[in-house]
Amino acid sequence: MSGPFESWAAGLERYLAGSAYAPTSIGSRMRLFAHLSGWCSTEHLSAAQLVSAVIDRFLIARKKTHVDLSSTGQLAPLLTFLRSVGAIPSATACVAAPVGPVDAVLDRWAAFLLGDRALFPTTVVYYRALAAPFVVSRLRGSVLEWDTVDAKVVAEFVSSTIPQLSVGTAKLTITALRSLLRYLFLSSAHVPCSGVVLGFSRHPVDVGSHRAMVSENCLGISREDTTHDGS
């Protein structure tokens with residue numbers, strides 16, 4: 001195991017054994033713990049930064065490659081242990097962390113949704129987690145590259161992401177992307193919002209059972225939407 005939680009692995013194993021978990025269950029949860037620690041390392045996150053929104057991001061990433069132990073409830077025993085030893089913040093804590101270009105964009109978008117669109121905080125947190133992978137995909141070194149975002153770029157991202165998600169999460173991902181792209185256009189981030197959708201149908205997306213979700217104008221943005229957001 002590698003990553004920020006490596007030093008707590010032995011303690012977690014003892015905790016699970018003391019909580020009457022079967023050996024096979026302990027083994028599977030230790031593998032989940034290793035995945036969480038490795039993912040945090042890849043994302044350059046410390047233990048102190050594992051707040052609720054980050055946990056949501058991890059679960060979204062895990063569901064792309066795992067069908068087991070990928071829900072909040074199944075992760076709960078690990079989080080309970082980490083909180084009990086002070087390794088991660090409490091469930092309601094807000095932790096100040098260094099803000100990079102990805103977080104800066106997502107934070108501004110979240111503030112826009114909370115203030116201008118009056119969405120519920122829980123909805124905003126979920127949207128943020130769903131849209132974060134797309135923003136990360138635009139990272140070039142330490143700079144976010146938006147000038148080349150077009151229908152093909154969005155189609156390729158959707159086709160590589162949606163098939164691994166449940167139908168409900170897939171629909172919400174589309175909604176979150178629509179809102180993000182609209183915000184970026186309105187905030188002069190050089191994203192040709194209407195052009196993304198107007199050209200989208202020229203780039204078919206093979207997403208299996210989710211095909212209907214990403215047909216023409218799936219992001220729901222028209223030329224009129226670039227001046228009015230109905231989120």
Side-chain angles (χ1 to χ4, degrees), residues 1-95 97-98 100 102-103 106 121-137 139 157-158 160-173 176 207-210:
M1 179 187 297
S2 62
F5 300 116
E6 182 178 4
S7 61
W8 285 287
L12 173 63
E13 193 165 8
R14 290 192 297 270
Y15 169 81
L16 293 173
S19 300
Y21 279 83
T24 53
S25 294
I26 293 174
S28 62
R29 279 160 178 78
M30 291 305 297
R31 288 189 291 275
L32 171 60
F33 190 62
H35 185 192
L36 173 63
S37 188
W39 180 84
C40 286
S41 179
T42 300
E43 296 291 313
H44 306 290
L45 295 169
S46 67
Q49 291 175 281
L50 195 68
V51 293
S52 296
V54 175
I55 292 168
D56 289 341
R57 284 172 52 196
F58 166 70
L59 290 173
I60 290 170
R62 181 170 174 83
K63 287 174 182 177
K64 294 180 181 179
T65 56
H66 295 73
V67 295
D68 62 323
L69 298 178
S70 57
S71 71
T72 302
Q74 291 165 326
L75 188 62
L78 282 61
L79 301 178
T80 298
F81 165 76
L82 290 172
R83 288 174 180 137
S84 73
V85 297
I88 65 173
S90 66
T92 57
C94 293
V95 177
V102 172
D103 283 330
L106 293 173
T122 51
T123 300
V124 173
V125 168
Y126 197 36
Y127 276 19
R128 192 185 192 283
L130 292 173
F134 179 73
V135 180
V136 171
S137 75
L139 195 60
F157 175 81
V158 170
S160 67
T161 303
I162 294 299
Q164 288 79 37
L165 304 177
S166 67
V167 172
T169 302
K171 289 179 178 179
L172 286 173
T173 299
V207 293
S209 61
H210 293 20

Original post:
Does S46 offer a backbone N or O that forms a donor-acceptor pair with the side chain of Q49 under 3.5 Å?
Top reply: yes

**OP:** Walk me through it: do R31 and D68 pass the test salt bridge (Lys or Arg N to Asp or Glu O under 4.0 Å)?
**Re:** CA-CA 11 Å; R31 288 189 291 275; D68 62 323; over 6 Å; no

Original post:
Does S37 use its side chain to pair, donor to acceptor, with the backbone of F5 at less than 3.5 Å?
Top reply: yes

**OP:** Give every residue pair that meets the side-chain hydrogen bond (donor to acceptor under 3.5 Å, both in side chains) criterion with at least one member in residues 17-30, sequence neighbours excluded.
**Re:** none

**OP:** Please round to the nearest 0.5 Å and tell me the distance separating atom CG of L130 and atom OG1 of T173.
**Re:** 4.0 Å

Original post:
If you measure from NE2 on H35 to CG on L69, what distance do you get to the nearest 0.5 Å?
Top reply: 11.5 Å

Donor-acceptor contacts under 3.5 Å from residues 54-61 side chains, at least two apart:
{"unit_1": "R57", "atom_1": "NH2", "unit_2": "E43", "atom_2": "OE1", "d": "2.8"}

Original post:
Which atom pair, heavy atoms only, marks the closest approach of C40 to L50?
Top reply: SG-CD1, 4.0 Å

**OP:** Report the residues that fulfil side-chain contact (heavy atoms from CB on, under 4.5 Å) with A9, sequence neighbours left out, ordered by chain and then residue number.
**Re:** M1, M30, F33

All N/O donor-acceptor pairs, side-chain side in residues 79-88, below 3.5 Å, sequence neighbours left out:
{"unit_1": "T80", "atom_1": "OG1", "unit_2": "A76", "atom_2": "O", "d": "2.9"}
{"unit_1": "R83", "atom_1": "NE", "unit_2": "P89", "atom_2": "O", "d": "3.2"}
{"unit_1": "S84", "atom_1": "OG", "unit_2": "F81", "atom_2": "O", "d": "2.6"}

Original post:
How long is the span from the OG atom in S70 to the NZ atom in K64, to the nearest 0.5 Å?
Top reply: 13.0 Å

Original post:
Do the non-hydrogen side-chain atoms of L12 and Y15 ever get within less than 4.5 Å of each other?
Top reply: yes

Original post:
Mind checking what makes side-chain contact (heavy atoms from CB on, under 4.5 Å) contact with S2, not counting sequence neighbours?
Top reply: none

Subject >> For E6, side-chain hydrogen bond (donor to acceptor under 3.5 Å, both in side chains) partners two or more places apart >> reply: none

Original post:
Got a second to check how far W39's CH2 is from L36's CG, nearest 0.5 Å?
Top reply: 8.0 Å

Subject >> For S7, side-chain contact (heavy atoms from CB on, under 4.5 Å) partners two or more places apart >> reply: none

Original post:
Looking only at heavy atoms, what is the nearest atom pair of Q74 and S71, with distance?
Top reply: OE1-OG, 3.1 Å

Subject >> Close side-chain approach of L45 to P4, heavy-atom, < 4.5 Å >> reply: no

